[in-house]
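Below, all heavy atoms of this structure are taken into account, side chains as well, without hydrogens, waters or symmetry copies. Ligands are counted one by one from 1 in listed order, and the atoms in each one are counted from 1 as well.
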Amino acid sequence: MTSSQPGILQPPSPLARHLVFQLLPGAEPRSVLLRLADSRFGNDGVVGLGPSTVSALAAAIPGLHEPAVLSGPGASLPVTPAALWCWLRGADRGDLLHTSRKIVEAVASEFNLDAVIDGFNFGGGRDLTGYQDGTENPQGKKALEAAIVQGQGGGLDGSSFVAVQQWLHDFKAFDSMSSQDQDNAIGRRKSDNEELKDAPPSSHVKRTAQESFEPEAFVLRRSMPWADGMRGGLNFVAFGKSFDAFEAQLRRMVGADDGVTDALFKFTLPVTGSYFWCPPMAGNRLDLGALAL
Ligand code: HEM
């Protein structure tokens with residue numbers, strides 16, 4: 001039976017770890033990917049393949065491409081293509097480390113580990129600015145409809161496209177804003193998470209209101225805070241049945257549609273931007289049939 005990788009639809013875990021890989025020169029990832037597909041590393045980690053890996057297999061996944069360079073009056077967003085993404089979920093840092101070591105070793109002949117980003121739950125699902133994140137995520141059947149490919153045939157049904165961006169917060173800039181300006185930047189009240197009826201058009205939730213797009217632009221966000229020494233921010237993760245909804249939201253955020261820039265950019269900026277395709281499952285293993293594997 002075909003289904004999606006379970007971690008996509010499961011509720012956020014207390015901890016997460018992102019492993020980001022690049023292909024080694026001349027890599028032939030076929031056998032390594034088959035091993036990864038068989039030996040899934042724990043029951044709810046998620047594997048995503050970048051466009052370069054799919055090309056290296058002389059295959060194509062309809063709708064998979066690198067992010068476009070996007071800029072608007074307020075921001076220019078980085079594009080950082082990557083070949084393989086493993087999103088480990090768990091509750092124990094030691095377990096995550098040991099699972100990471102196994103994966104890095106298993107793929108080392110073809111993939112070079114480029115980045116490790118540890119994520120954690122803060123304040124019961126808040127961004128490090130203190131705002132509750134994920135409130136308007138679609139639930140149940142709607143989450144499945146937003147995030148999982150359906151009706152496209154074997155090998156594709158059950159798969160998902162994921163956009164991953166590491167955002168670096170400027171905490172000084174954020175702290176220097178009044179609490180009213182902070183609430184207006186998000187469009188919700190930090191104290192009780194109420195949506196502000198009179199939030200300015202630049203507020204983040206006005207920019208991204210999923211029902212306000214034509215067609216509606218729903219994604220399933222699974223972002224988590226990250227921290228490294230004194231630096232920190234949000235590791236933004238959005239699953240979709242394609243990249244269309246995410247791209248529509250991002251275009252509005254940078255002001256590419258109407259010249260209004262998302263107020264988030266006053267205190268945070270993405271430092272990476274990568275796209276991956278997350279294959280479906282067939283029983284207990286990843287189904288790589290769409291790649292002829
Ligand atoms: C550091 C970066 C970001 C932070 C701190 C952040 C934070 C938030 C917060 C606090 C909310 C309100 C609660 C909720 O519904 O989740 C929200 C909503 C939302 N955000 Fe973000 N976000 C960030 C980046 C992004 C990006 C890059 C996108 C997509 C391109 C995005 C898409 C959305 C969407 C779709 C909603 C729900 C809007 C609605 O339908 O009401 N966010 N975000």
Give yes if a backbone or side-chain nitrogen or oxygen of [X] is under 3.5 Å from a nitrogen or oxygen of ligand 1, and no if not.
| X | result |
| --- | --- |
| Ala209 | no |
| Glu136 | yes |
| Thr135 | yes |

[Y]/[X] salt bridge by N-O under 4.0 Å criterion:
| X | Y | answer |
| --- | --- | --- |
| Asp258 | Arg207 | yes |
| Glu145 | Lys141 | yes |
| Glu110 | Arg35 | no |

Ignoring hydrogens, just give me the one of [options] whose non-hydrogen atom is nearest [atom].
| atom | options | result |
| --- | --- | --- |
| atom 10 (C) of ligand 1 | Lys206, Gln132, Gln210, His169 | Gln132 |
| atom 38 (C) of ligand 1 | Leu77, Thr208, Leu220, Val237 | Thr208 |
| atom 4 (C) of ligand 1 | Asn235, Leu234, Leu70 | Leu234 |
| atom 11 (C) of ligand 1 | Asn137, Asp133, Leu250, Leu168 | Asp133 |

Phe239: which of Trp87, Trp277, Phe161 passes ring pair (Phe, Tyr, Trp, His ring centres under 6.0 Å): Trp87
Which of these, Phe171, Phe174, Trp167, sits in a ring pair (Phe, Tyr, Trp, His ring centres under 6.0 Å) with Phe267?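 Among Phe171, Phe174, Trp167, the one meeting ring pair (Phe, Tyr, Trp, His ring centres under 6.0 Å) with Phe267 is Phe174.
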May I ask you to list the atoms of ligand 1 that are less than 4.0 angstrom from any heavy atom of [X]?
| X | value |
| --- | --- |
| Asp127 | 5 (C) |
| Val205 | 12 (C) |
| Arg188 | 12 (C), 13 (C) |
| Tyr131 | 10 (C) |
| Thr268 | 1 (C) |

Please determine whether the number of non-hydrogen atoms from other residues, nucleotides or ligands lying under 6.0 Å from atom CD of Glu216 exceeds 12. yes
Looking only at protein heavy atoms, which one is nearest to [atom], and what is the separation?
| atom | answer |
| --- | --- |
| atom 16 (O) of ligand 1 | Gly134 N, 2.5 Å |
| atom 32 (C) of ligand 1 | Gln249 OE1, 3.5 Å |
| atom 28 (C) of ligand 1 | Phe236 CZ, 3.3 Å |
| atom 2 (C) of ligand 1 | Trp167 CD2, 3.5 Å |

I'd like to know if [X] contacts ligand 1, where contact means a heavy-atom distance under 4.0 Å to any ligand atom.
| X | result |
| --- | --- |
| Arg126 | no |
| Arg221 | yes |
| Ala238 | no |

Contact partition for Gln165 relative to ligand 1, non-hydrogen atoms under 4.0 Å: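 For Gln165, the contact with ligand 1 is made by the side chain alone.
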Answer side chain, backbone, both or neither: which part of Leu264 comes under 4.0 Å from ligand 1, heavy atoms only. side chain
Do [X] and [Y] get their side chains close enough for a donor-acceptor pair, meaning under 3.5 Å?
| X | Y | result |
| --- | --- | --- |
| Thr99 | Arg17 | no |
| Ser13 | Asp44 | no |
| Tyr131 | Asp183 | yes |

I'd like to know if the side chain of Lys241 and the backbone of Gln150 have a donor-acceptor N/O pair within less than 3.5 Å. no
Under 3.5 Å, is there a donor-acceptor pair between the side chain of Thr268 and the main chain of Leu168? yes
I'd like to know if Leu23 and Leu84 are part of one continuous hydrophobic network [Ile/Leu/Val/Met/Phe/Trp/Tyr, side-chain heavy atoms within less than 4.5 Å].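 As far as the 4.5 Å side-chain criterion goes, Leu23 and Leu84 are connected within one cluster.
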Does one hydrophobic cluster hold both Leu9 and Val46, with members joined at side-chain heavy-atom distances below 4.5 Å?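 Yes, Leu9 and Val46 fall within the same hydrophobic cluster.
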Which atom name does His204 have for its N/O/S atom nearest to atom 21 (Fe) of ligand 1? NE2
